Amino acid sequence: MCFSATASFMTAAFAGAAGIVALTRVNRREEFPLAAIPLAFATQQALEGLLWLTLPTQPHGPAQSLLTTVFLLFAKVMWPVLTPFAAWSIEPDRTRRRLIGLCLAGGIAIAAFFLWSLLANVHTARIDGRHIVYSSEPWLPPFSVVTYLMATCIAPLLSSYLLVRVLGAVVTLGSFVTYLFYWEAFTSVWCFFAAAGSVIIVFHFRRLARFEISPLPGR
């Protein structure tokens, strides 16, 4: 697959449309964080599309710096908090809710570390072939990757809702594929796949409305 400004903007439009549909189907305020996920991904992909346009002409300019920082705020700070919080907010089962809460606590901790790193260190982005590669932290705490994946992948997999678990499975599979084939550009490529996968959330709300399913395991 060719990753480019066009791919980023198309994914942004696709996820954005899905997000608007999902938000129109929200019936309870607890559902809002989950419904907002596609729109958040759309914003992030639009930022990367702008980076694709900016990097060839201003690789070290202020626009590149700002776009890179905001993109990484989404990728490293927002997602490990929003993802488990969205799953936690709608979870009716007490045991699952506690487990998701542990993922949320870990997500908050790793998000705080990444926020500190973004403020304390200069982060850059560069185009490498068909991908954008973002500079990483000079130092990562032990188990940081596991904690991040626990928040962004395991939390939705623990949900009582079938399609939320499907979303977790898609994101988890995307992380393995990205790790194996696009490791250097992991942040960019994984977020791209996750953005595309976030449209599953629309079908979650459609399923709730159509079948009025109860939030029980396997439903």
Side-chain angles (χ1 to χ4, degrees), residues 8-49 70-71 73-108 110-111 148-175 190-219:
S8 293
F9 286 131
M10 288 183 64
T11 305
F14 190 55
I20 292 171
V21 173
L23 287 171
T24 63
R25 297 178 180 272
V26 169
N27 293 315
R28 299 179 295 126
R29 64 181 182 180
E30 292 85 358
E31 297 172 337
F32 179 81
L34 181 67
I37 284 178
L39 273 180
F41 268 123
T43 303
Q44 186 182 9
Q45 286 302 303
L47 288 167
E48 189 158 66
V70 178
F71 179 91
L73 281 171
F74 273 84
K76 296 186 175 184
V77 178
M78 188 186 72
W79 289 125
V81 177
L82 178 59
T83 304
F85 179 70
W88 178 85
S89 295
I90 63 172
E91 182 53 51
D93 182 86
R94 290 185 178 181
T95 300
R96 290 173 181 264
R97 188 177 172 91
R98 291 192 190 100
L99 292 174
I100 296 171
L102 291 176
C103 295
L104 175 58
I108 292 172
I110 197 62
Y148 184 93
L149 293 177
M150 181 178 70
T152 55
C153 297
I154 302 303
L157 284 173
L158 292 170
S159 177
S160 295
Y161 293 95
L162 173 62
L163 290 179
V164 177
R165 296 198 302 272
V166 171
L167 174 62
V170 168
V171 174
T172 302
L173 179 61
S175 70
W190 187 32
C191 287
F192 181 92
F193 285 129
S198 68
V199 298
I200 293 170
I201 291 171
V202 174
F203 296 100
H204 164 76
F205 285 103
R206 287 187 62 186
R207 192 165 186 261
L208 285 180
R210 178 174 297 180
F211 299 106
E212 297 182 351
I213 61 174
S214 59
L216 297 174
R219 299 298 300 274

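Small disclaimer: the values here were computed from a predicted structure and weren't measured.
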If you round to the nearest 0.5 Å, how far is [atom2] of [Y] from [atom1] of [X]?
X      : Y      : atom1 : atom2 : value
Met150 : Leu104 : CE    : CG    : 9.5 Å
Asp93  : Arg98  : CG    : CZ    : 9.0 Å
Leu23  : Ile201 : CG    : CD1   : 10.0 Å
Leu157 : Leu167 : CG    : CG    : 9.0 Å

Indicate every side-chain donor-acceptor pair of residues 29-37 with a distance under 3.5 Å to a residue at least two apart or in another chain.
| residue | atom | partner | partner atom | Å |
| --- | --- | --- | --- | --- |
| Glu31 | OE1 | Asn27 | N | 2.8 |
| Glu31 | OE1 | Arg28 | N | 3.2 |

Check residues 73-82 and write down every donor-acceptor pair under 3.5 Å in which the side-chain atom is one partner and the other belongs to a residue at least two apart or another chain.
| residue | atom | partner | partner atom | Å |
| --- | --- | --- | --- | --- |
| Lys76 | NZ | Glu137 | OE1 | 2.9 |
| Lys76 | NZ | Glu137 | OE2 | 3.3 |
| Trp79 | NE1 | Gln44 | OE1 | 2.8 |

Counting C-beta onward and ignoring hydrogens, is there a side-chain heavy-atom pair between [X] and [Y] closer than 4.5 Å?
X      : Y      : answer
Arg165 : Leu162 : yes
Ile90  : Val164 : yes
Arg97  : Trp88  : yes
Pro156 : Val171 : no
Pro92  : Tyr161 : yes

Which atom names give the shortest non-hydrogen contact between [X] and [Y], and what distance separates them?
X      : Y      : value
Pro38  : Ala15  : CB-O, 3.4 Å
Ala155 : Cys103 : CB-CB, 3.9 Å
Gly49  : Phe9   : C-CZ, 3.4 Å
Arg96  : Ser160 : CD-OG, 3.1 Å

Got a sec: does the CZ of Phe203 have more than 12 other heavy atoms crowding it under 6.0 Å? no

Return yes if some donor-acceptor pair links the side-chain N/O of Thr43 with the main-chain N/O of Leu39 below 3.5 Å, else return no. yes

